[in-house]
Amino acid sequence: MKRYSQTTGEVGESSDLSPWKTADALDLVYVGYGLLIVVLVLVSYVLGAFTWLPYDPEQIRVDLLNAPPGSAGHLLGTDFLGRDILSRLIVGIQAYFLPGLLAIVISLLLGTTLGALAGYRSGEVETLVTYFNNLVDSFPRLVLILLVIAAFKPGIYYIMVVVGVTGVPAVASLIAGKIEFLAQKNFIEAAHVLGLPSRVILLKHILWHHCMPLLVIQATIGMGEAILIETSLSYLGFGVQEPTPSWGNMVQAGANYFFQGKFWPSTAPALSILFTILGFHLLGDGLNGILEGSAGK
Amino acid sequence: MILEVTNLRKHYRQRAGIFPALRSRERFIPAVDGVSFCLEEHETVGLVGESGCGKTTIGRAILRLTPATSGRIVFDGHDITAMSARELRPLRSQMQMIFQDLDAALNPKMRVRAILAEAITTHHRLSDGEVARRIGELLEQVNLKASKLSNFPRELAGGEKRRVGIARALAVGAHFIVADEPTSALDVSIQAQVVNLLRDLQRQLGLSYLFISHDLEVVQLISRRVAVMYLGKIVEMGLADRIARAARHPYTHLLWSALVEGQSKEASHAPLNTRTGAWEPFDFERPVSGCRFAPRCPVYEARGRPAVCTDAATEPQLHDIGGRHYVAGHFPV
Amino acid sequence: MGAPLLEIENLRTYFHSRSKRAFIRAVDGVTMVIARGETLSVVGESGSGKSVTALSIMGLLDAGPGVISGKITFRTDGGERNLLHDLEHYVTLGEQDGRIMEVSKDEAGWRKQVERIMAEVRGKEIAMIFQNPKSALNPFVTVGHQITEAIRLHTPTKHPREAKERSLYWLERVKMDSPRLRFDNYPYGLSGGMCQRAMIAMALSSEPALLIADEPTTGLDATIQSTIVGLLAELKSELGIATLLISHDIRVVSRLADDVAVMYGGTVVEYGPAPEILGARFGLKHPYTAALLASRPSAQNVEEKGGLPAIEGEVPDPIDVPRGCRFYARCNRVTEDIRDACARHEPALKELTPGHHVRCWLYGD
């Protein structure tokens, strides 16, 4: 049985309800969960800034190596150097968030610019952008990152610049496709006929009105990706370097003890990674469903 | 003379095969193939023809939405055929277009107020108060309720969308408007409103229209002169009443008889159009030499397929038959 | 003649708008009758519910809640059937001041039920042709093959060669130019007019009892339109097949229809023999019908280059159906005596002359 109902009162002249009011319940749950993760990240910064942590995340306790959760006031236990896992977990996200934002800003700015160039000025420019995209896309991302690390030094910001640049093609082709689709539309032609300069049409009618939700969604996905990349690099030993905690190097360090039955040092950060990436992806998914899905009645 | 189009051609390039670089396989589709006409001030010229005859392409070429392949378009004394976008911009305030598609013509993410305000401020720097006053004026001109200003286009009914489109064209101060099928997407009861509105605006503001439509009755009602197009060419042009009543080209006859026939049950077997069932999609790659209408022409059949009709050297050209009436045909009816 | 072929009683088909949290009352209590061998034409503007009525008959609605009440009696040689049999078991309606405000429907169950009822009706006893013939034909299968398949599926002719002969017969019947050649064509090789002919051939090949033609000429060029209308007129007189013709084009309707139903805002406002409804006597008509007929350019106003007598206002929004007469807001014939009734109460269909019904307070008691 499916129920449909009409709210009483006049419906005629009123405009549509906002997309948030009529959104799918599931999409709202997604967005809510995603926002919760974002809030938790911000909370972690506050806690870190005021050092309101249970313990100093880098304090080594030789007497408490790999202590199980709950022992001696360590809620999630300690790691192989006796450092408090909860404190490291809280601070650990900070290894990603700002670098991740950098990666997102790079890929969105560069991607939008290239996409706009390709979509709006077809011909030679489009071919050039396509070649650039293909070049970047055909290069294995990890190899590129390793090359950069070899050339400079293992630093999360170097890595994230590469992540940002390698994220450009996806954004560029998305934007270029959208622009090509919109350029056929009468309302863009009408704007040209009105005599608006191309730059205004591109910035206002195309990017601002029709690409914003797309970019926000792309940003959330980019954040999830940045975390994932750092984790894989940590596993290779090239991620955030000890003693600075990151979830990636925590999993890596803890994994050595996993088969000795000491699962907690790696499980806690692994789950954190899982739920955080899920959060960002669901945020993107939910926003997509609500903002983009609202176009049709 | 507000608009003068001379020998306008527009060929679309169609790439064939998987190697676009091999130009030899490229096909050129002549959407508009040498069209000349002019439009005087405060005049409405109707452009009729069936889908694919190139009438919309002419409108788009005049507004430079698509570059012309060759020919000359002179608007208000300026040759705009090869003007740069920058040079053209000031002229944009004088020529506008009403688009056929109601929904695609308005930015779906902008409210009506923003759409109008944008058009008003495109060519003039105005204060908010002046913009608001101008919006009020436009609303009155197109007879739209002020409560609609805060609506998005999708929340409007068909006729209201059309009114917003017209108001936008007026907002920049245009006095020449290309109206591309302005009524075809509308309901019958709304069509009459829009036709009346366009006529009233013409009278009040002294507008000139190029009225593109396949609706012969509406064109006849609103236009002073009518040009009939067939496959990229004008085959007949003249005063609306003469085209309707004393058409000379067999194709014009066919168009009008389809209409008259609809009005009476009895005339359902007019001899002129018994063969239209066999019309195939026109193959631009193997164009008929000579008269393009010959393969479908009842006169061509009736006269025993004279050779002059399919002789490439004698493609009929528009010629004056008196009373500003032009026909392109070997055997005017 | 006997009992009519198809009888629609009080059909209601609603959809639901998420963004307005309201019902789209697309078809709101439609009653009409199609006699054997006659053409009933449904005339109306966008949003009047004419196409939704056709889709409701065919059970081809995807969006919910869809058909929520009514009865469609279909009488063939095989007996009498209600195409909405047992609908009330799947739907519960909640009313508030005489207006449906809540619907609960077991959609999956109803879908199954519709498929059970319609399996032997759709395409076989009721065939349909659509507005856009190109998209209604399968682009990857030749026209001839599609018709042959339809024949083998719906008629006793099962042998491939016989079925092919039969489909060639139908292609000839619809005056397809060189049918043997066209038989092996794919739809993209045919013009719009030829595709529509192929669609008609396919629809007729299963020898249905009822043909539903939804805007069969809209979107075709004027010259092609008139030949298709001519073909339909010819087939009608030769085959005598009952037809439900849906169109907004009064010219097409006046050539083909025996009876006309004028729809406005989801209901039938006028219903009767075509000559009476489309004829020149404007007096005895629903004000909407009269205004609609007058709003097309006529010889007279073209002559005078005068304005058109337009109907003011907009086509009603099926979300916001007025309480009183649906045409009240745009009507120019409201008199002071009936104004109150027009605004508050919806008039019933009244029989003016035998067979001619009008839903208007002007023709009150």
Side-chain angles (χ1 to χ4, degrees), chain A residues 10-22 120-124 126-127 130-131 178-216 287 290-297, chain B residues 59-60 62-66 85-112 114-116 118-124 145 147-157 161 164-165 168-169 171-174 177-178 180 185:
Chain A
E10 292 303 310
V11 280
E13 290 272 305
S14 71
S15 43
D16 289 0
L17 300 171
S18 91
W20 294 98
K21 279 197 177 152
T22 57
Y120 219 66
R121 295 200 188 287
S122 45
E124 243 103 276
E126 188 185 359
T127 321
T130 314
Y131 279 132
K178 190 92 182 172
I179 290 176
E180 258 164 59
F181 168 72
L182 289 172
Q184 310 289 325
K185 291 275 184 186
N186 284 158
F187 69 87
I188 296 298
E189 294 189 328
H192 280 290
V193 172
L194 279 184
L196 287 172
S198 301
R199 139 183 67 84
V200 175
I201 296 173
L202 181 65
L203 289 177
K204 180 179 172 188
H205 285 268
I206 293 180
L207 291 180
W208 178 253
H209 282 306
H210 286 91
C211 295
M212 261 315 176
L214 220 63
L215 292 177
V216 170
L287 284 175
I290 294 168
L291 296 177
E292 293 288 274
S294 70
K297 262 191 190 178
Chain B
R60 293 171 57 85
I62 291 171
L63 287 165
R64 287 282 305 278
L65 283 171
T66 178
R86 190 179 296 273
E87 286 174 303
L88 196 60
R89 204 164 295 144
L91 284 174
R92 291 276 191 209
S93 65
Q94 292 164 45
M95 48 203 260
Q96 284 297 313
M97 182 155 182
I98 299 171
F99 291 88
Q100 172 174 14
D101 189 333
L102 291 172
D103 294 294
L106 306 173
N107 189 338
K109 307 268 168 116
M110 283 168 86
R111 292 175 199 276
V112 173
I115 291 172
L116 294 181
E118 180 185 56
I120 291 168
T121 52
T122 300
H123 293 280
H124 310 281
K145 273 186 265 173
S147 62
K148 300 290 174 193
L149 280 177
S150 50
N151 283 110
F152 286 104
R154 65 166 184 279
E155 296 159 1
L156 301 178
K161 284 181 202 159
V164 174
R168 178 176 60 188
V172 289
I177 293 178
V178 174
D180 185 9

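Nothing here was measured: the structure is a model prediction, and the numbers come from that model. Chain naming here is simple, since letters A, B, ... match the order of the sequence lines and numbering starts at 1 in each.
Using a 4.5 Å cut-off between non-hydrogen atoms, the part of residues 199-208 of chain A that approaches chain B consists of A/Lys204, A/His205.
Using a 4.5 Å cut-off between heavy atoms, B/Leu106 contacts chain A through its backbone alone, with no side-chain atom that close.
Listed by chain and residue number, nothing satisfies the side-chain hydrogen bond (donor to acceptor under 3.5 Å, both in side chains) test with B/Thr122 (two or more places apart in sequence, or in another chain).
In summary, the aromatic rings of A/Phe187 and A/His210 are positioned with their centroids under 6.0 Å apart.
Contact check for B/Val178 versus B/Ile98: no side-chain heavy atoms found under the 4.5 Å cut-off. Taking the side chain as every heavy atom from C-beta outward, A/Leu196 and B/Glu118 approach each other to under 4.5 Å. A/Leu291 has its side chain out of reach of A/Val216: every pair of non-hydrogen atoms, C-beta onward, lies at least 4.5 Å apart.
A salt bridge between B/Arg60 and A/Glu189 is present, with a side-chain N of the basic residue lying under 4.0 Å from a carboxylate O of the acidic one.
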